[in-house]
Amino acid sequence: MTTVRTRFAPSPTGYMHIGGMRTALFNWLWARHNNGVFVLRVDDTDRQRNVEEALGPILQAFKWLNLDWDEGPEVGGPHGPYFQSERGELYSAAVEKLLAEGKAYRDYDTPEQIQADREAAQKEKRPYINIRRSLELPEATLKQYEEEGRPAVVRFLVPRDQKVEIEDEIRGHVEWDASLISDPVIQRTDGTPLYNFATVVDDAGMKITHVIRAEEHLSNTPTQVLLHQALGNEIPTFAHIPFVTAPGTTKKLSKRDLSKYRTNPNFKKMFDRADQVFPMIGLGSSETLNPVMVEYYEKIGYLPAGVLNSLARTGWSLDDKTEILSLDTVIEHFTLDRVVKNSAALDPDKLFSFQSHWMSELSLEEKIDGCTPYLVNAGIIEETAENVEHGFIGSVILSLGDRLKLFSDILDVAYFFQEDIAYSEKDFNKRVAKEGVPELLTEYSVRIAELDEFTVENLEETLKTLCEEKEVSTGLLIHGLRIAVTGSPVGPGVYDCLLLVGKDKSIERIKAAVNKVVT
RNA sequence: GGCUCGUUCGUCUAGAGGCCUAGGAUCCCACCCUUUCACGGUGGUGACAUGGGUUCAAAUCCCAUACGAGUCACCA
C-alpha cells in the first residue's frame, strides 16, 4: 500500500485564517489517521516581499495547535524545495515538456484583446472560451515571434473533445464538459507559473495522494485533472470539503467582511472581548486581532484543545452523540466519508462550550501557567515576584472554579491583585448606597476585625449572627459586602473574596465604601 | 449569465427505505441548587425547502421547481 500523503499550501498572508486552519486540520488528520505524511508547502508564487515575516503567524498557528508537519519549511524533506518561489525550474521544465509535446502553446494575444473577446462574449450572452488565434498563425510567423522574443503567455491546450470525471471522496461523482473550459494560462509573460499549474506540478512532485481542500477549489479541478493527464501524472484522490461560513450566514468566512462581523450578534461577543482584553495586554484591539485569525484565539486565552475540538466538529462528526473529542480520538476515528457535504458556520457559542470543557480538565498548575502571563502583561503583577505570587494566583484560580473559561478571564478579577478597585457605579448605588447597608457594613467590619481566625466559616458565622440580630436578610449584607470589597457584582463566593483580599484590606475597603456613601 | 455544489431544530450535526410520532450537542426559556455570577441537575420550545413520482413503506431512491453558495484572471 502506498503511503498517504496530504498537503496544505498556505500563501504567506501574514495571518492564519481560521477556516483555512480547518482545511489544514482535515489534511493533517487524514495523514495521521493513516500513518501518512503531512506536507506544508508555501504558495509564494506571486510578489511576496517578506515571505518570512508573512509566514511566521501561519507556522505559529500550527505550532500552537500542535499540528506538526513532516515535510516543509524549517524541517525540509525529500521532495523540496517547499517554497514555490524556489521551484521555478521545475515549473519551467514542465512547461517545456508540454510545449514540446504540443500540449501547450504560446499565446501572443494581448491582455486587451482577451478582454475584448470576453466582453464580446458577454454581450452576445454566450459563455466565454478563449479564442486560439495564436494557433492559427503560420509556422513562419510563430518562429519569427519566438526569435524576436515577443511576449507571450503559455496556455495549456485543453482537449475539448472529452469529459473530465472524478470520484470525489466527499461529493461523489462529478463531471465536466471539457469543451466548456478555456485554455488556462500556465505561464505568465515573465515566465512565472500560475497557481493551477504550480499546484499540479507540486502535488505530483511531492507525491500527494489525497488533495483535501475547500469546496471553492472544485471548479479548478477539471483543469488540474487535465493537466495531470497531460503531464503523465498519477491523478490524486480529491476530497472537496465544505467551506466554513460566517456565523449566522451562508457565506464563506472572509476577512473582507470583517466590518459586517463586528455587528453580527453571534460574533459580537468575541469582538467585544478583544476590545476589552487586547488593549490591557498591549496587543492592540479587535482591529489587530480578530476572530477570523487563529492568533486571536491564542492571544485571548483559548486552549488548543477547545479550538481543535470545535474545528473538527464543524463539517465532521464521529457519530450521533459524541461531541467532546480529544485530538487523539479524532485521529483515531477521522475518515473522509464522515465529512458532511454542506457548508458549516463557525459557531462561537459551541466553540466556547468546548473551551469550557477543556479548561475544566486542566490542572491548577496549568491554569496558573496560562493565566500568569495575562497578569504580567497587563502590569497587574510583577514578573519578578513569581514565587510570592504563584501561590496566590493559584488561590484566586481555585476560588474562580469554573468561572475561568479563557485564560484572560483572570483579568476580570484584577481587584484581588490591585490596591485600588473600581466600583461598578450602578451596582454600588443599588447594593451599598442603600438604607441600612452602610451601618451594617460598618458593624460587620468591626466584628471581623476582632476575629482570631479569618476563615470562611467564621466570616459566614459572623455575618449570619449579625443579620439575625438586626433582623435583616443575609442577602442585604452579602450583596453590599461583595460590592464594597471587590467593586463587582459577580465573582467567587463572597467569603472567598474576603479571604483573598485579606483581613486588613477588606476592612479598609469596607470603610472606604461606607465613606463614599456618606460623602 | 455559464458551469459546479448544496438544502434535517436558530446553530453544529445523527440519519445509507421500515429502528424516526426524527436522536444528540449548543443556544434560548423555566424550575431546582446557590441570597452574586459560574458550575451542576431537571424539564421545555424547536427541523426533514416545495411539488411530483417509485414503493406495502421515503428524511433516506428518481425527477422537477425554489432557494442558497462557490467559481468563471497573465489571484491564490
Side-chain angles (χ1 to χ4, degrees), chain A residues 9-13 43-47 84 107 109-111 114-115 118 121-122 125-129 151-155 168 170-172 174-177 180-182 184-196 198-199 214-223 240 242-243 245 247-252 265-266 310 313-324 337-338 340-354 356 360 400-405 409 412 427 431 467 473-479 481-483 486 488-494 497:
Chain A
S11 75
T13 52
D43 250 337
D44 57 348
T45 39
D46 66 315
R47 33 89 249 241
Q84 291 191 326
D107 184 0
D109 280 2
T110 60
I114 304 286
Q115 185 55 28
R118 194 172 283 127
Q122 194 163 18
K125 285 190 172 167
R126 63 179 158 75
Y128 168 76
I129 298 192
V153 294
V154 176
R155 281 184 193 271
D168 191 277
I170 290 157
R171 262 138 244 289
V174 186
E175 61 175 46
W176 296 265
D177 189 339
L180 266 23
I181 301 173
S182 254
V185 173
I186 58 176
Q187 189 179 68
R188 294 187 183 90
T189 315
D190 67 4
T192 56
L194 271 99
Y195 169 76
N196 253 339
T199 299
E215 190 192 341
E216 64 221 61
H217 287 284
L218 192 53
S219 43
N220 288 143
T221 307
T223 304
H240 288 92
F243 46 77
T245 66
T249 76
T250 49
K251 290 202 172 56
K252 194 169 69 166
N266 300 285
S310 166
R313 277 292 289 110
T314 106
W316 179 86
S317 67
L318 197 168
D319 55 27
D320 59 344
K321 47 179 73 76
T322 314
E323 294 285 337
I324 299 295
D337 62 352
R338 290 203 63 84
V340 299
K341 292 183 174 67
N342 48 314
S343 56
L346 179 74
D347 186 345
D349 283 333
K350 200 131 186 187
L351 164 60
F352 197 68
S353 125
F354 285 129
S356 288
S360 74
L400 241 23
D402 289 321
R403 295 173 189 83
L404 185 82
K405 314 271 198 197
D409 288 345
D412 293 343
D427 294 290
R431 323 233 75 144
C467 289
S473 79
T474 50
L476 191 66
L477 216 195
I478 288 177
H479 289 128
L481 191 54
R482 168 185 297 288
I483 304 289
T486 70
S488 165
V490 300
V494 73
C497 288

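What you see is a predicted model, and the numbers here were worked out from it, not measured in a lab. Here is the naming used below: chain letters follow the sequence lines, and residue numbers restart at 1 for every chain.
- At whole-Å resolution of the value, CD1 in A:I324 and P in B:G24 are 16 Å apart.
- Taking 4.0 angstrom as the limit, A:N342 places a side-chain polar atom (N or O) nearer than this to OP1 or OP2 of B:U8.
- Note on A:R482: every side-chain N or O is 4.0 Å or more away from OP1 and OP2 of B:C37.
- Nucleotides B:C31 and B:A22, compared at atom C1', are 27 Å apart to the nearest Å.
- The distance from atom CD of A:Q115 to atom P of B:C72 is 14 Å, rounded to the nearest whole Å.
- Between A:R403 and B:C39 there is no side-chain polar atom (N or O) within less than 4.0 angstrom of OP1 or OP2.
- Going from atom CD1 of A:I129 over to atom P of B:A73 covers 12 Å, rounded to whole Å.
- OP1 or OP2 of B:A76 lies within a sub-4.0 Å distance of a side-chain N or O belonging to A:R188.
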Polar atoms only, N or O, under 3.5 Å: list the protein pairs with nucleotides 63-71 of chain B and their distances.
{"residue": "B:G68", "atom": "O2'", "partner": "A:T250", "partner atom": "OG1", "Å": "3.2"}
{"residue": "B:A69", "atom": "OP1", "partner": "A:K251", "partner atom": "NZ", "Å": "2.6"}
{"residue": "B:U71", "atom": "OP1", "partner": "A:K252", "partner atom": "NZ", "Å": "3.2"}
{"residue": "B:U71", "atom": "O4'", "partner": "A:S219", "partner atom": "OG", "Å": "3.4"}
{"residue": "B:U71", "atom": "O2'", "partner": "A:S219", "partner atom": "OG", "Å": "3.2"}

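- Protein atom CG of A:D320 is 15 Å distant from nucleotide atom P of B:C19, rounded to whole Å.
- Distance A:D402 CG to B:C39 P: 8 Å, rounded to the nearest Å.
- Atom CG of A:L404 and atom C1' of B:A38 are 11 Å apart (whole Å).
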